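None of these values were measured; they are calculated from a predicted model. Residue numbers start from 1 in every chain, and the chains themselves are labelled A, B, ... in the order their sequence lines are given, proteins ahead of strands. Side-chain atoms are counted along with the backbone in the values below, which use heavy atoms only and exclude waters and symmetry mates.
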2 protein chains.
Amino acid sequence: MRLSPQYIPRDLDSWSIGGQPVVGIEDVARRAGVSPSTVSRALRGRSGVSDRTRQRITELAAELDYSISRSASGLATGRTWCIGVVVPFIWRWFFGQIIGGAEQVLRAAGYDLMLYTAGDEESRERFFRELPVRGRVDAVLVLSMDLTEQEADRLRGLDLPLGLVGHEAEGFSSVHIDDRQGTRLAVQHLINLGHRDIAMIQGLEPKPLGAIAPVIRRDAFLQTLRDNDVEPRPEWLVPGEFSISGGERAMDRLLAGAHQPTAVFAYADELAMGALRSLRRHGRSVPEHMSIVGFDDHEMSEYVDLTTVAQPVRAQGATAAQLLIDQLDAKSRKTTVVPVPIDLVVRGSTAPPRRSAER
Amino acid sequence: MRLSPQYIPRDLDSWSIGGQPVVGIEDVARRAGVSPSTVSRALRGRSGVSDRTRQRITELAAELDYSISRSASGLATGRTWCIGVVVPFIWRWFFGQIIGGAEQVLRAAGYDLMLYTAGDEESRERFFRELPVRGRVDAVLVLSMDLTEQEADRLRGLDLPLGLVGHEAEGFSSVHIDDRQGTRLAVQHLINLGHRDIAMIQGLEPKPLGAIAPVIRRDAFLQTLRDNDVEPRPEWLVPGEFSISGGERAMDRLLAGAHQPTAVFAYADELAMGALRSLRRHGRSVPEHMSIVGFDDHEMSEYVDLTTVAQPVRAQGATAAQLLIDQLDAKSRKTTVVPVPIDLVVRGSTAPPRRSAER
DNA sequence: ATGAAAGCGCTAACAT
DNA sequence: ATGTTAGCGCTTTCAT
């Protein structure tokens, strides 16, 4: 028999960490003069409880400040009401937005959000090896992680509903833009302006490559150039670590080269902003000396007057979360794929080259 | 007796959501020829298991892809190895950084992170009413929420270690800057440049006010003006919703007034950036027509050449997380307060007013 | 060093 | 409509 709260001696200096809830379902039941099952039924909105009883129990629970033990409930039902959300970084605008969109939808559906970041090689490898989500969540939502097939497989092994933003994968409900088309939009825009010497600041490519955004955009970049009879220069493909300063370093490198491009396509707006910073530091003006196109339409992009490929961000997080919830509700293995529209937003960072490039 | 995995019929169309793990501790025990207790001891690093046995069990567990059920373990021990992290928004740079800092430390200590956002009035009220963290987490970390006394009290009622970034509160281990000093630094800088007509774009102030950042900075702003014999104008205190466009609207409002300030102190860099955007749209140049000072030293602030009060952000999240972990380890109720240094970074957005203000 | 047994708090199938 | 009972999977005394 459990003691009632006032008889539990509290150590004033130390926590009873690991202790059980002070008031349990049995306490509520006893006070209400019913059995624990009735309390459970009443509180979970199950049928088979008279309105009067339910009412009384609800009030009593509130009065005693009772809340169910998630561990016990989870153990008994197998449901955790938690969704694992995996992102590479959380401190980038793009991911903050996308998590925010997902969070809102999950919360509204009664789920809590367990956040996992797996950005660098090490934490990523560790996440997929240990799968800390195991036994903790009812479903997993992967946000713009550019999963390798191997990683996707580990997740499939969880036998849980899976969601993905950024590309498609067998067994995942997903939401994604057409990266190829987005890239074409950007690069063709530069070519139409008269540029032929075009560089790209790339996104990071995970080890075992798949048909994922950084690869697709790079390929589409090269393909678009070739489609326009422009032979790409390998040294004009520079890798950019996903941050403003990463973009800055990438542009520094381009500017240090013997030949310089007249335009640059950046994998993401934050990289483009870094590029702008580098250009300014080097005294090159945009778009006079160099045109820049980004990707995402970051909230600062309008301010810095950056031409970019716009995609909805929050909405993608929200939609992906919703797909997952739908699957959970329907207990269905059937996945859904939602395509997302994109849009070239032309601003002041792109213009025709000063004179046509000599080669 | 549980069936072994291969005998569990899998429905190919629907999830067995709510099912229990496919391989449990008992399976491992049976295969290892020991009892569940020994497996438990072996896997949790408890003493009383021979090295050979422990070794064998560890390998077997890996082979069977066994992972403990967190619900069951949590129920038995009362420990969830989860920390609840509460932030107002996650899509703002500042919060992304601070969560990132906390996440890294928590993860390293073996904790998972449960993310709760409570930005707008409604979700905030709901969070503190329902306290969804109850029974889910071992501790709660509140990041820059500017808690009211009432809210802090709800949290204290959880009887769990509590952490706080941004201000101090009884019962919380905290990490915070000196907002008063930061504000003085910024405003005095403007005054020293010769400004006397200074406006402030404020932060949001929660309903039942406490000694929290938005209030402290506003008061310090007014006090600094008065200390310099400048009488503040009420209409030059404009509220800013915490976003770039919030800052933009605030500046729009200032520019629409009959009298206009020669300098503006913004509660945060993102508000300042919005102000810059508004100024540019109105054809006013910075710092010629108007000086701007922000707060935080956002990663874009250098690029937009914004004078600002710099504070470490990631580090504050990390430190707060560490304080919490220390408390958890020591099972101690003793809280710690860590002051954080700040620094005025003077850039190009501030200069003397064009001519001294006439009054 | 290891095993047996008794829970942890809640839920659900089966009574009544 | 409500109560009884038997677990959920793990941990932890207490034996041995």
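Sequence neighbours left out, not one pair with a member in residues 30-59 of chain B passes ring pair (Phe, Tyr, Trp, His ring centres under 6.0 Å). Pairs engaging residues 47-69 of chain A under the ring pair (Phe, Tyr, Trp, His ring centres under 6.0 Å) rule: none recorded [sequence neighbours left out].
Residues satisfying the side chain to side chain contact (heavy atoms under 4.5 Å, CB included) test with A:Glu103, not counting sequence neighbours, are A:Arg107, A:Leu113, B:Thr117. Every side chain to side chain contact (heavy atoms under 4.5 Å, CB included) that A:Arg52 has, sequence neighbours left out, goes to A:Ser50. Under the side-chain hydrogen bond (donor to acceptor under 3.5 Å, both in side chains) criterion, A:Tyr111 pairs with A:Arg79, not counting sequence neighbours. A:Glu122 is linked by a side chain to side chain contact (heavy atoms under 4.5 Å, CB included) to A:Asp120, counting only residues two or more places apart in sequence or in another chain. Contacts of A:Pro132 classified as side chain to side chain contact (heavy atoms under 4.5 Å, CB included), with partners at least two apart in sequence or in another chain: A:Tyr116, A:Phe127, A:Glu130, B:Asp112.
A:Gly135 comes within 4.0 angstrom of nothing in the nucleic acid, heavy atoms only.
Residues of residues 50-69 of chain B that place a heavy atom closer than 4.0 Å to DNA chain C, in numerical order, are B:Ser50, B:Thr53. Contacts between residues 36-46 of chain B and DNA chain C, defined by a heavy-atom separation under 4.0 Å, are made by B:Ser37, B:Thr38, B:Arg41.
Residue B:Val49 is the one, among B:Ala72 and B:Val49, whose nearest nucleotide of DNA chain C lies closer to the 5' end (criterion: closest heavy atom).
Of the N and O atoms on the side chains of A:Ser35 and A:Ser37, at least one donor lies less than 3.5 Å from an acceptor on the other residue.
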Atom pairs and distances, donor-acceptor, side-chain atoms in residues 58-65 of chain A, under 3.5 Å, two or more places apart:
residue	atom	partner	partner atom	Å
A:Thr58	OG1	A:Arg54	O	2.6
A:Glu59	OE2	A:Gln55	NE2	2.7
A:Asp65	OD1	B:Arg134	NH1	3.0

Atom pairs and distances, side-chain donor-acceptor, residues 318-326 of chain B, under 3.5 Å, sequence neighbours left out:
residue	atom	partner	partner atom	Å
B:Thr319	OG1	B:Ala315	O	2.7
B:Gln322	NE2	B:Asp326	OD1	3.0

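If you measure from atom CZ of A:Arg70 to atom C1' of C:dT11, you get 14 Å, rounded to the nearest angstrom. Separating the CD1 atom of B:Ile25 from the P atom of D:dG9 is a distance of 12 Å, rounded to the nearest angstrom. Rounded to an integer number of Å, the gap from CZ of A:Arg136 to P of D:dG9 is 17 Å. Here the C1' atom of nucleotide C:dC10 and the CG atom of A:Leu75 are 8 Å apart, to the nearest Å.
Taking the C1' atoms of five terminal pairs at each end of the helix from C:dA1-D:dT16 to C:dT16-D:dA1, the two resulting helix axes are inclined by 30°, rounded to 10°.
Within the structure, every side-chain polar atom (N or O) of B:Ser35 is placed at least 4.0 Å from both OP1 and OP2 of C:dT2.
Within 6.0 Å of CG in B:Asp51 there are 12 or fewer heavy atoms belonging to other residues, nucleotides or ligands.
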